[in-house]
J.: 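Input: one structure, supplied below.
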Amino acid sequence: MNFQSRIFDFLQHQQNHFPKHDMLNAKENGRWNNYSTQEIINYTNQLAAALLSMNLGGKGKRVEDQDKIAVISKNRPEWLMLDIACQKIGVILCPIYPTTNPRELEFIFNDAQIKYVFVSGEEILDKMISVKSNTPDLISIISFDENNGATYWKNLLKNGSDELMKQVDQISSTIHAEDCATIIYTSGTTGKPKGVMISHRNLVSNVLNGVSSFPFPEMTDAKALSFLPLNHIFERAASYIYMYRGISIYYAESMDTIGENIKEVKPTIFTTVPRLLEKVYDRIMTKGAELKGLKRKLFYWAVALAEKYDNINSNGFFYNIQLAIANTIIFSKWREALGNNVKFIITGGAACQVKLLRIFNAAKVPIYEGYGPTENSPIITVNCQKKGGTKFGTVGVVIDGQEVKLESDGEICVKGPSVMMGYYKQLELTKEVIIDGWLHTGDIGVFEDGKYLKITDRKKELFKTSGGKYVAPQALENKFKESELIEQIMIVGEGEKFVGALIVPSFQTLKSKVNSSDFSSKSKQEIINSQEVINIFHELIVEYNQFFNSFEQIKKFELIEEEWTIEAGELTPKLSMKRKVIQEKHHLLIKKIFN
């Protein structure tokens, strides 16, 4: 067996080259608890032996024959321990988002014939107990926390005898690169979840090619803050990169404590999605709006300066002098809020506003945007640290080991060792998506300057107006979201005479724009119904429409008071809009737009 052909080989690689005292870290009872590389090795071996005692693992090479267990948990060291333990004995781990609704849970558990599930938190435990009777293959629920309603995971470790520990070594030596390591069910924006089968080779090749392309140097004194769900391939692949490159991982307590945890950990790197960057930026701008006099003027001067930043074309000596001053007196405070140690942030999962990329990079908070679907394990392209490797507004250059081509309609296709094994139990669907080795992503794109890939839309999200014109909603949405007044926006107009929009305003920003003195006493519904607010958004629409062709321009809009959320089923776990759900929920407003 070639070294580093299986994911769990990365763990031994770290132990051999840079054993760490703080490989994985979590805050427990108010203090950070560190797990060393050796401790993680010990725990994963003990847990793998315990799984063998439960009659799991070592069943065969066919995916259908391999045992499957699920994990539904927030990010924590035990998550990665379970992941590695499963890999060592040929058990397929199926990670599931904690926000997955009961109906989808039942489908996934029955489709994959899940035998055990590891959970964290009372809420997830209660949800699993409620669906257990409808998942006949599920034997038991195991908890990472000490609960009365489930087996505590550490109690399992007592079952891992010395004989079983030897079996772990024997079985792990038979695990091959071609073997399936995980099945990730993608929720998508419509339809039933699809089980993406990913092999060790898929993930290992993507990690190594990503490391060499970006590149990631060995960073044994570096720290990563992890808060994006490990259930998503983006954060999971990032974790394998951290493991391979000796970067310690610190798990945020929750999405609500990210700011506090950043100040404590002072991370070198973290991954994020554009929606979270937008929220960080909005908070910064809200605080800036509260400044008075000269401080306020300097704040807005610095931001306006940063909006013009270009990493490829210099704005000249005088601009650079001004930017250096802005970095000293204004942006230094931004960097302090991020721990004053961030070397790079990687964003993906959706298109990031170019304005934000310019501003944060100008403020010496380097953000690199990448791209790739779960089906490619996932990285296809990334904006890189090397010279000429980054262009704002694109998702970067194709990484090593990948071939990319654009079909006649602009669809992005990729071929390489990272392309998934296929969809579990869905051979026909697999054949539709992988043709002659080429994965058809369903994304539409173009190459700029011959090497930078730019995503323009989703193939299935393009719609045609009654006039026969095709409209790419993402392009409009991304542009309009540059306005601080817009929290969320969805473009509509399939089969209609013109393009319309549903808009969720940023009420915090709106407050500073309206003349009404009793803004805070009004309900959100009263605010969006006021003629003053409607006029503000009408002017904004007119301003931004100039960037588009006449047939693409928004002719009418409706304001919505409540933000779309994962909990309400309007967003996917990676914060993409479920267009069909939103359209159904607001069908009367859409009807009003086009009447």
Side-chain angles (χ1 to χ4, degrees), residues 225-228 252-267 269-293 295-307 309 326-327 329-342 344-367 369 477-478 480-489 503-514 519-520 524 527 536 540 561-567 571 574-575:
L225 187 71
S226 173
F227 51 82
L228 291 185
E253 295 167 86
S254 71
M255 297 299 274
D256 297 327
T257 63
I258 292 172
E260 179 187 331
N261 294 151
I262 281 177
K263 289 175 184 175
E264 294 171 331
V265 174
K266 295 180 172 34
I269 176 176
F270 59 84
T271 57
T272 187
V273 291
R275 186 79 185 113
L276 296 180
L277 287 175
E278 289 165 11
K279 286 184 175 293
V280 169
Y281 176 73
D282 288 344
R283 281 197 294 270
I284 290 171
M285 295 306 290
T286 299
K287 287 188 176 181
E290 294 169 356
L291 297 173
K292 304 295 181 185
K295 286 185 178 180
R296 181 186 171 97
K297 286 182 180 178
L298 284 171
F299 176 86
Y300 282 109
W301 166 77
V303 171
L305 200 65
E307 285 182 0
Y309 179 75
N327 263 297
I329 62 177
I330 301 296
F331 298 136
S332 57
K333 296 178 178 63
W334 295 24
R335 296 191 295 273
E336 282 174 21
L338 292 171
N340 223 12
N341 194 40
V342 173
F344 41 84
I345 297 169
I346 299 176
T347 181
C352 188
Q353 292 179 36
V354 177
K355 181 176 82 169
L356 295 191
L357 292 170
R358 292 189 190 283
I359 291 172
F360 278 108
N361 279 279
K364 296 185 179 180
V365 180
I367 298 177
E369 186 173 8
E477 289 158 359
N478 290 337
F480 275 88
K481 279 197 299 183
E482 289 181 8
S483 168
E484 296 166 22
L485 284 165
I486 293 179
E487 191 72 32
Q488 293 169 315
I489 180 171
I503 298 173
V504 180
S506 170
F507 287 94
Q508 189 65 41
T509 306
L510 198 55
K511 187 176 181 180
S512 64
K513 301 286 184 183
V514 297
F519 186 94
S520 57
K524 287 183 177 180
I527 291 168
I536 287 172
L540 185 144
E561 60 179 302
E562 292 300 330
E563 194 173 329
W564 300 318
T565 65
I566 296 172
E567 292 72 22
L571 302 180
K574 65 173 188 176
L575 304 179

J.: Show the nearest heavy-atom pair for residues A363 and F331, with the distance to one decimal.
T.: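 In terms of heavy atoms, the two residues are closest at CB-CG, 3.5 Å.
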J.: Using atom types as modelled and distance alone, determine if a side-chain donor or acceptor of D282 lies under 3.5 Å from a backbone N or O of E484.
T.: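 No, because the side chain of D282 does not come within donor-acceptor range (under 3.5 Å) of the backbone of E484.
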J.: Go through M285 and F299 one step at a time and tell me if the side chain to side chain contact (heavy atoms under 4.5 Å, CB included) criterion holds.
T.: CA-CA 9 Å; M285 295 306 290; F299 176 86; 3.8 Å; yes
J.: Checking side chain to side chain donor-acceptor pair (under 3.5 Å) for the pair E253/N261: CA distance, chi angles, key distance, verdict?
T.: CA-CA 8 Å; E253 295 167 86; N261 294 151; 2.9 Å; yes
J.: Going by heavy atoms in the side chains, are I527 and V514 under 4.5 Å from each other?
T.: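 Not in contact.
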J.: Which value, rounded to the nearest 0.5 Å, describes the distance between E336 atom CD and N341 atom CG?
T.: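 The distance works out to 12.5 Å.
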J.: Ignoring hydrogens and angles, tell me if any N or O in the side chain of K266 forms a donor-acceptor pair with the backbone of K263 under 3.5 Å.
T.: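 It does hold such a pair.
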J.: More than 12 heavy atoms of other residues, nucleotides or ligands under 6.0 Å from CD of Q508: yes or no?
T.: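 Counting neighbours around CD of Q508, 12 or fewer heavy atoms of other residues, nucleotides or ligands fall under 6.0 Å, so no.
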J.: F507 ring centre to K524 NZ or CZ under 6.0 Å, with the angle to the axis within 45°?
T.: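 Yes, cation above the ring, under 6.0 Å and within 45°.
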J.: Set out, in order, the CA-CA distance, both residues' side-chain angles and the distance that settles side chain to side chain contact (heavy atoms under 4.5 Å, CB included) for L228 and L276, then state yes or no.
T.: CA-CA 10 Å; L228 291 185; L276 296 180; 4.1 Å; yes
J.: Mind checking the CD1-CG spacing from I269 to L225? Nearest 0.5 Å is all I need.
T.: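 One gets 11.0 Å once the value is rounded to the nearest 0.5 Å.
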J.: Would you compute the distance between atom CD1 of I258 and atom CZ of F270 and round it to the nearest 0.5 angstrom?
T.: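 The CD1 atom of I258 sits 8.5 Å away from the CZ atom of F270.
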J.: Atom CD1 in I359, atom CG in L305: separation rounded to 0.5 Å?
T.: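 Reported value, rounded in 0.5 Å steps: 10.5 Å.
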J.: Would you check if the side chain of S483 reaches a backbone N or O of F480 as a donor-acceptor pair within less than 3.5 Å?
T.: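 Flag not set: sc S483 to bb F480 has no pair under 3.5 Å.
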J.: Atom CG of N340 and atom CD1 of I262: how far apart are they, to the nearest 0.5 Å?
T.: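 Answer rounded to 0.5 Å: 12.5 Å.
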J.: Of all heavy-atom pairs between G348 and P274, which one has the smallest distance, and what is that distance?
T.: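 Here G348 and P274 meet closest at O-CD, 3.4 Å.
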J.: Which pair of heavy atoms, one from N327 and one from R335, lies closest together, and at what distance?
T.: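 What the structure gives for the nearest pair is OD1-NH1, 2.7 Å.
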J.: Any chance you could lay out the side chain to side chain contact (heavy atoms under 4.5 Å, CB included) test for I367 and I346, step after step, and finish with the verdict?
T.: CA-CA 6 Å; I367 298 177; I346 299 176; over 6 Å; no
J.: Among R283, K355, K481, which one satisfies salt bridge (Lys or Arg N to Asp or Glu O under 4.0 Å) with E278?
T.: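 The option that passes is K481.
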J.: For the pair E369 (side chain) and C352 (backbone), establish whether a donor and an acceptor sit closer than 3.5 Å, ignoring hydrogens and angles.
T.: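 Side chain of E369 to backbone of C352, a donor-acceptor pair under 3.5 Å: yes, one is there.
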J.: Between V504 and I489, is any pair of side-chain heavy atoms under 4.5 Å apart?
T.: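 Not touching, per the 4.5 Å side-chain cut-off.
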J.: Using a strict cut-off of less than 4.0 Å between a Lys/Arg side-chain nitrogen and an Asp/Glu carboxylate oxygen, indicate whether R275 and E487 qualify as a salt bridge.
T.: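 The answer is yes: the pair qualifies as a salt bridge.
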J.: Given I345 and V365, is the side chain to side chain contact (heavy atoms under 4.5 Å, CB included) satisfied, shown in steps?
T.: CA-CA 8 Å; I345 297 169; V365 180; 3.6 Å; yes
J.: Looking only at atom types and distance, does a side-chain atom of S332 sit under 3.5 Å from a main-chain N or O of I329, one as donor and one as acceptor?
T.: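 It does not hold such a pair.
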J.: Can you tell if the side chain of T271 reaches within under 4.5 Å of the side chain of T347, non-hydrogen atoms only?
T.: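 They are not in contact (no side-chain heavy atoms under 4.5 Å apart), so the answer is no.
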J.: Using 30° and 60° as the class boundaries, would you call the ring planes of W334 and Y281 parallel, tilted or perpendicular?
T.: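 Rings of W334 and Y281: perpendicular, as their planes differ by over 60°.
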J.: Please report the interatomic distance OG(S506) to NZ(K511), rounded to the nearest 0.5 Å.
T.: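 Output value for this atom pair is 12.0 Å.
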J.: Between Q488 and L571, what is the shortest heavy-atom contact and its length?
T.: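 Distance-wise, the nearest heavy atoms are NE2-CD1, 4.1 Å.
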